[in-house]
Structures are given as structure tokens and as C-alpha cells.
Amino acid sequence: MRRGDCTWRHWVLLAACAAIAIGKPAIGQDRAAAPPPDAVAATVDGRPIKVRQVLEFVHRVLAENQVTAQTTAFVEAQALAQLIDRELVSKYLDRQKVSASPVEIDAAMKTIEDQAAGQAGGLKASLAGRGISLEEFQTQLAWDVRWAKYLTQAVTDADLHAYFDAHRADFDGTEVRVSHILLRPEASRSPAAVAAMEHKLATIRQEISSGQITFADAARRYSEGPSRRQGGDLGFIPRRNRMVEAFSAAAFKLKKGEVSGPVITPYGLHLIECTDVKPGDKTWEQVRNLLAPAIAKSIFERLANEMRSSVTVEYTGVIPYLDPRTGQVVIGKGT
């Protein structure tokens with residue numbers, strides 16, 4: 001597979017590099033009755049996933065973005081689900097006999113050490129500051145190497161081209177103009193109150209779709225975001241690097257004139273309206289570096305779903321998790 005100047009391992013290791021950033025997780029530490037870091041959050045065929053793995057994953061995703069107490073539960077539950085999926089895909093790689101040799105792990109470690117060279121104390125100090133042992137980090141690297149090796153074998157240029165054609169607006173530089181209505185859950189409100197806000201947004205959406213009120217007027221009346229003064233208008237946004245991913249993903253699924261259902265982000269709950277579309281003109285070769293991680297995510301999700309019925313996942317309830325049947329957040333006994 002030709003990949004220009006980049007490799008699957010390069011893209012995968014970028015995620016691993018993020019794990020050594022110095023600093024405390026932005027969420028999950030100030031919660032009352034927080035479980036100890038070494039508490040088990042869930043098991044996959046008996047293999048434990050610990051609370052600190054979940055909090056570390058959350059930190060890598062959100063960096064320094066702050067979230068409300070109630071959206072913290074949602075984000076942590078999503079992070080735990082992602083770690084469970086990684087265990088499922090790891091089992092698939094075992095079946096396919098995709099392994100990481102000591103030489104490959106050492107090479108990956110050197111890449112990470114080079115990335116950490118500019119930080120005080122280097123890699124070991126960075127890991128120690130986050131409570132990650134060298135052995136745990138090497139286990140993470142082994143996963144990264146195995147996953148990159150599988151992708152190298154599984155994905156061709158033809159696959160990248162086909163994926164681009166199927167998701168063109170996400171990659172060709174298209175921009176969409178959006179408005180939104182934002183409701184911000186208060187830190188003291190319960191998950192039930194958040195669900196009530198979802199219901200409120202669904203009701204507002206119905207009023208808009210039935211012509212009882214325009215989206216702009218609804219934004220002025222209900223939105224708690226500063227854009228309410230402009231009827232919720234946020235202007236044109238690109239697919240990436242402007243809004244949080246959940247917001248952008250929902251916005252780019254809309255056609256002009258459509259309104260989304262309730263969308264949860266770290267900042268609250270949104271309704272999103274697409275008011276205009278500015279098509280892009282980039283080719284798939286020009287956005288290879290964006291296509292590769294996107295198709296990798298798609299394959300990851302497909303393999304995890306294929307493996308789900310063949311393993312036993314058990315939740316301890318010490319942190320929030322997603323109910324496998326309903327997809328709803330379950331607030332555990334430890335929160």
C-alpha cells in the first residue's frame with residue numbers, strides 16, 4: 001500500500017504521544033466520592049479496565065477543555081466504551097495472529113522518547129507525573145504497533161479513495177453555515193434533569209419543524225449561548241479544528257435547512273441547524289492524512305461490533321457506563 005510520506009504507524013503513534021503530555025486530567029478528579037484510580041471499571045472476559053485508564057483516555061481526548069459535572073458522566077462512559085472496544089479489537093488481532101515484536105516495540109518507544117525529549121525529565125518523568133508505569137505504557141505501544149500493522153495489511157489506496165467518495169463533504173474542504181440552540185446543565189442537576197433537557201430540545205425542534213417558531217427566534221428565546229443574540233448563527237465552520245467533534249460530526253450530517261436532534265458535547269446540549277453549504281474541491285490524494293485515521297476508526301468500530309457477541313463484558317458500576325442495550329449512561333454506585 002502506498003502512503004506517501006506517512007505511515008499507519010505514524011498516525012497511530014501520534015495518539016500515543018498525546019498520552020505523555022504533562023498535566024492533570026481536566027475532568028473526573030473533583031467529583032464527590034470518586035473511586036480510587038486502581039479500581040476496576042469493567043472487565044472484558046475477565047481482563048480488567050481500571051478507572052485511571054478511563055480518566056487518562058478522557059484527558060487525552062479533551063486536553064484542557066472543561067466540562068460540566070453531568071456531561072462528565074457522559075464523557076467518562078464514552079471513554080470506558082472505547083477502551084472496551086479496544087479490548088475487543090485486540091482479541092480480533094489475536095485471532096488473526098497479528099503480533100508486535102520486541103524490536104517493533106523498541107522502535108515505537110524510541111519515537112515516543114524523541115517526542116518527550118523536550119519535556120522536563122523526558123518520558124519517564126512524564127509517565128510518572130500521570131501515574132502510568134513503563135510496563136503499562138509498553139502494553140499500550142504494543143497495541144498501537146499491532147493495530148498499525150493490521151491497517152497496513154488491510155487498507156489499500158483504493159479503499160481510501162472509496163471512503164473519500166462516500167464521505168466527500170467531510171474531507172474536501174466543504175464548510176457549512178450553522179446556527180445552534182445551547183442548553184447548559186448546571187453542575188447541581190441530576191442525570192434525570194439532563195434527560196429532561198434533551199426532551200425540552202426535542203420539543204423545541206418539533207415547534208420549529210411545525211412552523212410554530214423559526215430556529216432564529218427559538219435561539220433568541222431558549223439558547224444559553226452568546227450566539228443567541230444573532231439567532232444562534234455561528235457562521236461557516238470547517239469539518240475539523242473549529243468545533244468539538246460531536247458538534248461538527250452532527251452538523252455535517254445535515255442538509256441545508258435541516259435541524260439535528262439533541263447533540264451532547266462537553267459544553268452542554270445543542271440543536272443544530274444547517275443554513276448554507278459551501279462545497280470544497282480537494283481530491284482524496286490531498287487529504288490522505290485525514291482519510292487514514294477516519295477509515296481506521298471505521299474499521300475499528302466494525303471489528304469491535306463483530307467481536308462483541310463472543311466475549312463477556314461486565315461493569316462494576318464504580319464509574320458511569322453505557323448500557324449495552326439502550327446506549328444510555330448508567331450512573332454507577334461510585335459516583
Side-chain angles (χ1 to χ4, degrees), residues 1 7-9 11-16 18-19 39-58 60-61 73-101 104-105 108 132 135-156 158-160 162-163 166-167 245-246 249 291-330 332:
M1 171 185 173
T7 65
W8 285 110
R9 185 166 300 170
W11 288 312
V12 171
L13 287 179
L14 285 177
V40 175
T43 60
V44 181
D45 277 351
R47 183 178 176 86
I49 296 174
K50 296 184 178 180
V51 168
R52 57 188 167 81
Q53 291 176 268
V54 176
L55 297 183
E56 178 65 26
F57 191 94
V58 168
R60 287 166 60 182
V61 172
F74 176 79
V75 173
E76 290 183 355
Q78 289 280 10
L80 177 56
Q82 184 76 1
L83 290 170
I84 289 171
D85 284 353
R86 193 177 73 182
E87 286 294 327
L88 297 177
V89 176
S90 182
K91 286 182 173 295
Y92 175 86
L93 297 182
D94 290 342
R95 292 183 181 181
Q96 299 299 311
K97 303 188 184 303
V98 179
S99 61
S101 70
E104 290 170 322
I105 295 175
I132 304 172
E135 181 181 4
E136 288 172 329
F137 191 67
Q138 288 175 327
T139 298
Q140 169 66 34
L141 282 185
W143 152 258
D144 293 338
V145 170
R146 295 172 72 210
W147 181 229
K149 185 182 292 188
Y150 175 77
L151 292 173
T152 299
Q153 300 166 354
V155 181
T156 68
D159 295 322
L160 292 175
Y163 192 86
H167 305 84
E245 172 59 18
L291 285 170
I295 197 171
K297 179 176 181 290
S298 176
I299 293 171
F300 178 91
E301 293 171 348
R302 174 174 59 81
L303 294 179
N305 288 332
E306 289 177 3
M307 293 294 296
R308 205 172 305 280
S309 62
S310 62
V311 301
T312 300
V313 177
E314 296 181 335
Y315 300 92
T316 64
V318 299
I319 64 171
Y321 63 92
L322 298 180
D323 187 307
R325 295 166 298 177
T326 65
Q328 298 298 308
V329 176
V330 178

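All values derive from a computational prediction rather than experimental measurement.
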Give a yes-or-no answer on whether the side chains of Arg302 and Asn305 include a donor-acceptor pair shorter than 3.5 Å.
no
Please examine the side chains of Ser90 and Arg47, heavy atoms only from C-beta on, and report whether any two atoms are closer than 4.5 Å.
no
Find the distance between CD (Glu306) and OH (Tyr92) and round it off to the nearest 0.5 Å.
6.5 Å
Can you measure from CZ (Phe137) to CG (Asp144) and round to the nearest 0.5 angstrom?
8.0 Å
Let's go through Glu76 and Leu55 carefully: what are the C-alpha distance in whole Å and the side-chain angles of both, what is the deciding distance for side chain to side chain contact (heavy atoms under 4.5 Å, CB included) to 0.1 Å, and is it a yes or a no?
CA-CA 7 Å; Glu76 290 183 355; Leu55 297 183; 3.5 Å; yes
Do you know which two heavy atoms are closest between Ala41 and Leu80, and how far apart they sit?
CB-CD1, 4.0 Å
So Arg86 and Gln140, side chain to side chain contact (heavy atoms under 4.5 Å, CB included) or not? Walk me through it.
CA-CA 11 Å; Arg86 193 177 73 182; Gln140 169 66 34; 2.4 Å; yes
So, does Asp159 use its side chain to make a donor-acceptor pair with the main chain of Thr156 at under 3.5 Å?
yes
Looking at Glu301 and Lys297, does any basic side-chain N land under 4.0 Å from a carboxylate oxygen?
yes
Among Val58, Leu322, Leu83, Val329, the one residue meeting side chain to side chain contact (heavy atoms under 4.5 Å, CB included) with Gln78
Leu322
Ala73 to Pro320 - nearest heavy-atom pair and separation
O-CB, 3.5 Å
Specify the closest pair of heavy atoms between Leu303 and Tyr150, including all atoms of both residues, with the distance to one decimal.
CD1-CE2, 3.9 Å
Does the Ser298 side chain pair with the main chain of Ala294, one donor and one acceptor, at a distance under 3.5 Å?
no
Is any side-chain N of the basic residue among Glu136 and Arg52 closer than 4.0 Å to the acidic one's carboxylate O?
yes
Worked verdict on Tyr321 versus Val54 for side chain to side chain contact (heavy atoms under 4.5 Å, CB included):
CA-CA 11 Å; Tyr321 63 92; Val54 176; over 6 Å; no
Nearest heavy-atom neighbours spanning Leu141 and Ala108:
CD1-C, 4.1 Å
Interatomic spacing from CH2 in Trp143 to CD1 in Ile105 - rounded to 0.5 Å
13.5 Å
Kindly say whether Pro48 contributes a backbone atom to a donor-acceptor pair with the side chain of Thr43 at under 3.5 angstrom?
no
Using every non-hydrogen atom in the two residues, find where Glu104 and Ser99 come nearest and quote the distance to one decimal.
OE1-O, 3.9 Å
On a heavy-atom basis, which atom in Trp147 and which in Ala296 lie closest, and how many Å separate them?
CZ2-O, 3.4 Å
Applying side chain to side chain contact (heavy atoms under 4.5 Å, CB included) to Ile299 and Tyr163, what does each step give before you reach the verdict?
CA-CA 11 Å; Ile299 293 171; Tyr163 192 86; over 6 Å; no
For Asp94, which residues count as a side chain to side chain donor-acceptor pair (under 3.5 Å) partner, sequence neighbours excluded?
Arg146
Lys91 meets the side-chain contact (heavy atoms from CB on, under 4.5 Å) criterion, sequence neighbours left out, with Val44, Asp45, Met307, Val311
